[in-house]
Amino acid sequence: MQHHLRRAFAVLTIGAGALMASAGPALAHGFSSTVYADVTPGGSGHVRTALELEYDLLVVSAADYRDDDQLFQDGTAAFDAGDAAAQAAALNAHSAAALGYVTDRFSVTAGGDACAPSASGPFTMGTRDGVPYTTLVLDWACAERTGEHEIRTGLFPDAETYVRDTKTIVTYEIDGRDGSAALDAGHPVFSTAQSWRQRFGEFFVLGAEHLLFGIDHILFLLALIAGSRRLREIVLAATAFTVAHSVTFVLAALGLVSVPARVVEPIIALSIAVVAGWHLVQVRRGGSGSGTAWGRLVVVFLFGLVHGLGFAGALGIDEAWSWTLLWSLLVFNVGIESVQIGLILLAFPALTLLRRRAPRIGNWVTGLLCAGVAVMGLIWFVERIFAS
């Protein structure tokens, strides 16, 4: 099979897999993947990493990287057949390509010197929320004994075009420290010597970036702002949304609640249209369009629960309960809330001032804004329903 044909087919395969995956990432942010890395001591001067990688993604990436057509053919046939034994056999039969791909993009250093990797056992298969994942345990021999190790990842980069925004969730218990860290293309390195402030800072930035670049959540928030005429209204609406999405975000990220992305994503899109449409209906009825009734708060709260599931899906954590992980999740959520508050402080006073100085123009601006948001939400809703 020719190189370009393999790449095109691989993109279609992973795209279809991402759509069907019950815990797939938010569709508004493109297909993404999550790598899980557990880091522990591996003996004198050694480090052990247990990597969990999405199986079909590893197959096409490694085959493309090493130009191993047979790995691609054997691996995709096993994936299509849903045969876990055949999937593991395909990777182990082509371990040079698969292992070479991983160790060229994932590294451990000690005291600034690279540690030498070797496989500690064969590739094994498992699942995460119904998605086939393979586990690779690596033993890293480090020349220098040190109380500090650095983990760097560049697995499944955007440049491969198969997925976007790959995240690596690191859990570690080494060098007398334990905790978790979230790595991505913008923050690819983690050091066990980092302070808890630095580690939590990474989760804060991830949360802020997710809301800031998550256009669906931004439009939902703009619809709330446009539909509120008094400070009390936006405070109540924002509080209802915050409480709701915080609860489901933490529960889902800890693996205590699981709802398929094919259900979550269309509802998020519908929530945008409903909240924006609520304001338009109030205006048409001759009211202020504020929608201050308890009904509006109930609707916002219910949709907030669904948005929380979307936040958790984007972060990609479903590790077992731990206080360190809980604090990391809460800091991620604080990052989300910081951007939310910032947007309210920017947009709400500006709209309020416009309404007071030029009421007619203010009503037109908020009306057109909500109409545009509602249309966008409906378009996404239809797209996501058919994509499911």
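Being a predicted model, the structure only gives us computed values, none of them experimental.
No side-chain donor-acceptor contact under 3.5 Å links Asp56 to the backbone of Phe79. Between the side chain of Thr248 and the backbone N or O of Ala244 there is at least one donor-acceptor pair closer than 3.5 Å. Side-chain atoms of Gln340 never come within 3.5 Å of backbone atoms of Ile336 as a donor-acceptor pair (strictly under, hydrogens ignored). Between the side chain of Thr192 and the backbone N or O of His149, at least one donor-acceptor pair lies under 3.5 Å.
Taking each heavy atom of Trp140 and Ser107 in turn, the nearest pair found is CH2-CA, 3.8 Å. Nearest heavy-atom pair, Asn363 versus Thr366, reported as atom, atom and distance to 0.1 Å: O-OG1, 3.1 Å. Closest of all the heavy-atom pairs between Ala37 and Thr168 is CB-CG2, 4.3 Å. Between Leu297 and Ala240, the shortest heavy-atom distance links the atoms O-CB, 4.1 Å. Between Pro157 and Gly154, the shortest heavy-atom contact is CD-O, 3.4 Å. Taking both residues in full, the closest heavy atoms of Pro122 and Asn92 are given as CB-OD1, 3.4 Å, listed atom of the first, atom of the second, then distance.
Within the 4.5 Å cutoff, the side chain of His245 has heavy atoms near those of the Asn333 side chain. Two residues are said to be in side-chain contact when any heavy atoms from C-beta on lie closer than 4.5 Å; Thr153 and Arg105 fail this criterion. Side-chain atoms of Trp278 and Cys370, non-hydrogen and from C-beta on, never get closer than 4.5 Å to each other. Looking at Thr49 and Thr40, their side chains never come closer than 4.5 Å, going by heavy atoms from C-beta outward. Side-chain contact between Leu224 and Val300 is present, with at least one heavy-atom pair separated by less than 4.5 Å. Inter-residue side-chain proximity for Phe156 and Val35 is flagged as met; some heavy-atom pair is nearer than 4.5 Å. Looking only at side-chain heavy atoms (C-beta outward), Pro132 and Met125 come within less than 4.5 Å of each other. Leu270 places none of its side-chain heavy atoms less than 4.5 Å from the side chain of Trp380.
More than 12 heavy atoms of other residues, nucleotides or ligands shown are found within 6.0 angstrom of CD on Gln70.
If you take CG on Leu155 and OG1 on Thr34, they are separated by 12.0 Å, rounding to the nearest 0.5 Å. Distance CZ/Phe220 to CG/Asp216: 10.5 Å, rounded to 0.5 Å. Remark: Ser271 OG to Phe381 CZ distance equals 10.5 Å, nearest 0.5 Å. The CD1 atom of Ile225 lies 12.5 Å from the NE2 atom of His279; values are rounded to the nearest 0.5 Å. In this structure, CG on Leu211 lies 10.5 Å from NE2 on His307, to the nearest 0.5 angstrom. Rounding to the nearest 0.5 Å places CG of Leu329 at 11.0 Å from OG of Ser246.
If you chain together hydrophobic residues whose side chains sit under 4.5 Å apart, Val263 and Val247 fall into the same group. Grouping the Ile, Leu, Val, Met, Phe, Trp and Tyr side chains by contacts below 4.5 angstrom, directly or via other members, places Leu221 apart from Ile341. Clustering ILVMFWY residues whenever any of their side-chain heavy atoms sit less than 4.5 angstrom apart, transitively, puts Val189 in a cluster other than the one holding Val205. The hydrophobic cluster containing Val257 also contains Val250, counting ILVMFWY residues as joined when their side-chain heavy atoms lie under 4.5 angstrom apart, directly or transitively. Residues Leu368 and Ile215 fall into different hydrophobic clusters, defined by Ile, Leu, Val, Met, Phe, Trp and Tyr side chains chained together at heavy-atom separations under 4.5 Å.
Contacts of Tyr55 classified as ring pair (Phe, Tyr, Trp, His ring centres under 6.0 Å), with partners at least two apart in sequence or in another chain: none.
For the residue pair Glu150 and Ser191, no side-chain donor N or O sits within less than 3.5 Å of a side-chain acceptor on the partner. Under 3.5 Å, the side chains of Asp104 and Tyr65 contain a donor-acceptor pair of N or O atoms. Arg48 and Ser120 share a donor-acceptor pair across their side chains, judged by distance under 3.5 Å alone. In this model, no donor atom of one side chain and acceptor atom of the other lie less than 3.5 Å apart for Thr134 and Gln87. Inspection of the Glu54 and Ser33 side chains reveals an N or O donor paired with an N or O acceptor under 3.5 Å.
Taking the centre and axis of the six-membered ring of Phe301, the NZ or CZ atom of Arg296 falls outside the cone set by 45° and 6.0 Å.
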Determine, step by step, whether Val375 and Leu378 satisfy the side-chain contact (heavy atoms from CB on, under 4.5 Å) criterion, reporting the C-alpha distance in whole Å, the side-chain angles of both residues, the deciding distance to 0.1 Å, and the verdict. CA-CA 5 Å; Val375 169; Leu378 289 174; 5.8 Å; no
Assess the residue pair Thr239 and Thr242 against the criterion (side-chain contact (heavy atoms from CB on, under 4.5 Å)); give the C-alpha distance rounded to whole Å, side-chain angles, the decisive distance to 0.1 Å, and a yes or no. CA-CA 5 Å; Thr239 300; Thr242 296; 5.6 Å; no
Can you check side-chain contact (heavy atoms from CB on, under 4.5 Å) on Val102 and Leu58, steps first, answer last? CA-CA 9 Å; Val102 173; Leu58 175 60; 3.9 Å; yes
side-chain contact (heavy atoms from CB on, under 4.5 Å), that's the test. Do Leu309 and Ile268 meet it? Break it down for me. CA-CA 10 Å; Leu309 299 174; Ile268 288 178; over 6 Å; no
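Annotation: Phe241 is not in aromatic contact with Phe303 [ring centroid separation under 6.0 Å not met]. Aromatic rings of Tyr101 and Phe106 (six-membered ring for Trp) have centroids beyond the 6.0 Å cut-off, not under it.
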Please output the side-chain donor-acceptor pairs of residues 343-361 that fall under 3.5 Å, not counting sequence neighbours, one pair per line with the distance.
from: Thr352; atom 1: OG1; to: Phe348; atom 2: O; distance (Å): 2.9
from: Arg355; atom 1: NH1; to: Ser228; atom 2: O; distance (Å): 2.9
from: Arg355; atom 1: NH2; to: Ala226; atom 2: O; distance (Å): 2.6

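Taking 4.0 Å as the cut-off between side-chain N and carboxylate O, Asp184 and Arg164 do not count as a salt-bridged pair.
Taking the six-membered ring where the residue is Trp, Phe249 and Phe311 present perpendicular rings, their angle passing 60° and hence far from 30°.
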